[in-house]
Trainee: 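One structure, as structure tokens, below. Some questions next.
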Amino acid sequence: MKEKKNGLLRRFLPYYKKYGWIVAVDLLFAALTTLCEVILPLLVKEITERAMNDLASLTVDFILRLGIFYIVLRIIDTGANYFMISIGHIMGTKIEVDMRRDLFAHLEKQSHSFYDNTKVGSLMSRMTTDLFEVTEFAHHCPEEFFIAGIKIVCAFIILSTVNLYLTLITFAIIPLMIFTLIYFRRVIKRNFAESKKQIGELNSQIEDSLLGVRVTKAFAKEGLEKAKIEKGNCEYLRLKKERYYAMGAFTSATRLFDGVMYIVVVIVGGIFLVHGDITAPDYVAYLLYVSTLLTSIRRIVEFAEQFQNGMSGIERFMEIMDTEPEITDKENAIALENVKGCVDFKGVSFHYEEDKGEVIANLNLSVDSGESIALVGPSGGGKTTLCSLLPRFYEATEGEILIDGINIKDVTLTSLRENIGVVAQDVYLFSGSIKENIAYGKENATDDEIKEAAKMAGAHEFIEALPNGYDTYVGERGVKLSGGQKQRISIARVFLKNPPILILDEATSALDNESERLVQKSLEELAKGRTTFTIAHRLTTIKNADRILVLTENGIEESGSHKELIEKNGIYAELYKLYATI
């Protein structure tokens, strides 16, 4: 456990590198803030000694000089504290921003399979709540331990000069105190990790329920969704209650040890005072230093929760950062340029998990540049999977895929995907304007280019008819637009991208007849001159494809044009007859 914690800290330390001077100044000012607490007991001791032993030397002038000296120290303390609170927290926030930037960049590298098995709500929790805890940790961790260390060391040295035996007796209590508090701290840490996991699950559940609120209302299942959230809430409450019980024991033990240490100093110190082993001024100073010592230990104890929160946040951060992307650029990968669009699948196989059978097995397929390929067949036959292997959303487990004779594993992911356009059934529009969503297809696209793409997609007329035209806000996930409108905007986005290879994954299956007609016309325009893979359940939309492939769990069972496959009277003919009777 200790090695794991040390490993986390070692990996976290590089985030301080950019802000080394801030950390150094922060620690310097942290040391300055200890001056008042360390020097005050000495000033009290000096006044007490003069009052008891040399009252004539205790003049108003002397007291004023001590007062001015202490006020100067307080001014220094005020300035140092301002720096620590303001600049120190800003540094912590900058570290949080750096970590969030790294985490988001790492998440963008992850393949589709990662998101298939990871809840977005949990990732959101790690990028927000966890990293906020790290902010507080990054700022307070160095200075809290540094300040406490200085005070404890100074207190030990000064108290030892007053009475070594009393000091050793007093400090002998500290190990027992620390041992007890460490035990409770571990309980809190374990519970905190469970709470973090639960809040991630709860966030994910709430997000899922809110995104599906229209379905919930349509089926009148508000009660069911409330029950789901209530179950997660109750589990969260249970974990929180356990945590606060441990925290109660933690803080109560701290107060108990405070009282024990005070009474030991009072009783043992009083006995030494009676026997003349210490003087009254030393006794007063000793009590003040013990107060400073306990304050330091108490600050460490109070910071322990923040420390655990921060360590938990760092651990959850590192868990994601340690998840290596399944699909990456190979060393010396080249850019895919001047693509003509010839595609070859050679002995390609794929399965999603080790313990499941192959979705695609030893598939061979050659597609000429500009050829239109349609994929049909029963669900689970591997149509979408086959098309997902081409842009390397998933990695083929066997065989190779070539574009213009170049293995797609030998080219950079960016250049590969820049040359492939995808229009899916489930259109995702980002929150923003229509113009921004179309412009996603090409960086720095001009307004004229955006409008031209919209015209080619058959979207220009309905966009212009909207109150704000191309600046119309589409709402979250494009909720303010109809299915056909969203689909045509997604097609315009691909028109703007202008890729030589096109994948149409059931792009019209969720649309009504009128919207399908408009979108299908746009798709036919988009597919001209491009190598196109079309997945379709509505077989009338693929009658003009150059080649239709019937893909089943046994592989490609039929291949040919619409006319050839109808005449063959096989699987495709049966599917077409069935579709025509619907």
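Fair warning: this is a prediction, and the values are worked out from it, not measured in the lab. Note: hydrogens, waters and symmetry copies are ignored here, and every other heavy atom, side chains too, is used.
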Trainee: Hey, mind stepping through Asp102 and Tyr15 against side-chain hydrogen bond (donor to acceptor under 3.5 Å, both in side chains) and telling me if it holds?
Mentor: CA-CA 11 Å; Asp102 290 348; Tyr15 282 100; 2.7 Å; yes
Trainee: Which heavy-atom pair separates Leu32 from Ala80 by the least distance, and what is that distance?
Mentor: CB-CB, 4.3 Å
Trainee: Indicate yes or no: at least one non-hydrogen side-chain atom of Ile206 is less than 4.5 angstrom from one of Ile229.
Mentor: yes
Trainee: Regarding Gln110 and Thr323, do their side chains bring together a donor and an acceptor under 3.5 Å, going by distance alone?
Mentor: no
Trainee: If you draw a 6.0 Å radius around OH in Tyr115, do more than 12 non-hydrogen atoms from other residues or ligands fall strictly inside?
Mentor: yes
Trainee: Counting only heavy atoms not in Tyr70 (residues, nucleotides, ligands), do more than 12 fall under 6.0 Å from its OH?
Mentor: yes
Trainee: Can you give me the closest heavy-atom contact between Ile334 and Ser415, atom names plus distance?
Mentor: O-OG, 4.0 Å
Trainee: Apply side-chain contact (heavy atoms from CB on, under 4.5 Å) to the pair Ile90 and Ile22, showing each step before the final yes or no.
Mentor: CA-CA 10 Å; Ile90 291 172; Ile22 297 180; over 6 Å; no
Trainee: Nearest 0.5 Å please: distance from the OH atom of Tyr440 over to the CG atom of Leu429.
Mentor: 11.5 Å
Trainee: Can Glu235 and Arg238 be counted as an ion pair, charged N to O under 4.0 angstrom?
Mentor: yes
Trainee: List the steps, then state whether side-chain contact (heavy atoms from CB on, under 4.5 Å) holds for Arg11 with Asp322.
Mentor: CA-CA 11 Å; Arg11 295 180 63 187; Asp322 288 340; 2.6 Å; yes
Trainee: With a 4.5 Å cut-off on side-chain heavy atoms, are Val268 and Thr170 touching?
Mentor: no
Trainee: Does a sphere of radius 6.0 Å around CE in Met127 hold more than 12 heavy atoms from other residues, nucleotides or ligands, not counting ones at 6.0 Å or beyond?
Mentor: yes
Trainee: Is the shortest side-chain heavy-atom distance between Asp26 and Pro142 below 4.5 Å?
Mentor: no
Trainee: Are more than 12 heavy atoms, taken from residues, nucleotides or ligands other than Lys94, located less than 6.0 Å from that residue's NZ atom?
Mentor: no
Trainee: When you compare the side chain of Ile463 with that of Ile438, does any pair of heavy atoms fall below 4.5 Å?
Mentor: yes
Trainee: Identify the two heavy atoms, one from Lys497 and one from Glu418, that lie closest to each other, and give their separation to 0.1 Å.
Mentor: CE-O, 3.3 Å
Trainee: Hey, could you give me the CZ/CG distance between Phe272 and Asn163, rounded to the nearest 0.5 Å?
Mentor: 5.0 Å
Trainee: If you take the centroid of each ring, where Trp contributes its six-membered ring, are Tyr16 and Phe12 closer together than 6.0 Å?
Mentor: yes
Trainee: Are Phe317 and Asp130 side-chain neighbours, meaning at least one heavy-atom pair lies under 4.5 Å?
Mentor: no
Trainee: Taking atom NZ as the centre, does Lys228 end up with more than 12 heavy-atom neighbours from other residues, nucleotides or ligands that are less than 6.0 angstrom away?
Mentor: yes
Trainee: Without placing hydrogens or testing angles, list every side-chain donor-acceptor pair under 3.5 Å for residues 146-160, not counting sequence neighbours.
Mentor:
from: Lys151; atom 1: NZ; to: Glu37; atom 2: OE1; distance (Å): 3.0
from: Lys151; atom 1: NZ; to: Glu37; atom 2: OE2; distance (Å): 2.5
from: Ser160; atom 1: OG; to: Phe156; atom 2: O; distance (Å): 2.6

Trainee: Mind checking the CG-CE spacing from Leu28 to Met84? Nearest 0.5 Å is all I need.
Mentor: 11.0 Å
Trainee: Distance only, no hydrogens: is a donor on one side chain within 3.5 Å (strictly under) of an acceptor on the other, for Thr414 and Thr412?
Mentor: no
Trainee: To the nearest 0.5 angstrom, please state how far the CZ atom of Phe29 sits from the CD1 atom of Ile85.
Mentor: 13.5 Å
Trainee: Taking the side chain as every heavy atom from C-beta outward, state whether Ile95 and Thr135 have any atom pair closer than 4.5 Å.
Mentor: no
Trainee: Start with the C-alpha distance between Asp277 and Leu166, add both sets of side-chain angles, then the distance that settles side-chain contact (heavy atoms from CB on, under 4.5 Å), and finish with yes or no.
Mentor: CA-CA 10 Å; Asp277 293 323; Leu166 180 56; over 6 Å; no
Trainee: Say you draw a straight line from OH of Tyr470 to OG of Ser433; how long is it, rounded to the nearest 0.5 Å?
Mentor: 11.5 Å
Trainee: Does a side-chain N-to-carboxylate-O contact under 4.0 Å join Arg100 and Glu96?
Mentor: yes
Trainee: Side chains of Asp98 and Tyr19: is there a donor and an acceptor less than 3.5 Å apart?
Mentor: yes
Trainee: Where the side chain of Arg417 meets the backbone of Pro391, is there a donor-acceptor pair that is under 3.5 Å apart?
Mentor: yes
Trainee: Does a side-chain heavy-atom distance below 4.5 Å link Phe393 with Ile327?
Mentor: no
Trainee: Between CG of Asn437 and OH of Tyr473, what distance do you get to the nearest 0.5 Å?
Mentor: 10.5 Å
Trainee: Is a side-chain N or O of Arg392 found less than 3.5 angstrom from the main chain of Ser111, in a donor-acceptor match?
Mentor: no
Trainee: How far apart are the closest heavy atoms of Glu449 and Asn444, and which atoms are they?
Mentor: OE1-O, 4.5 Å
Trainee: Identify the heavy atoms of Ile314 and Val134 that sit nearest to each other, and give their distance.
Mentor: N-CG2, 3.8 Å
Trainee: For a 4.5 angstrom cut-off between non-hydrogen side-chain atoms, does Met91 reach Val23?
Mentor: yes
Trainee: Taking all heavy atoms of Leu496 and all of Ala445, pick out the closest pair and write down the distance.
Mentor: CD2-CB, 3.7 Å
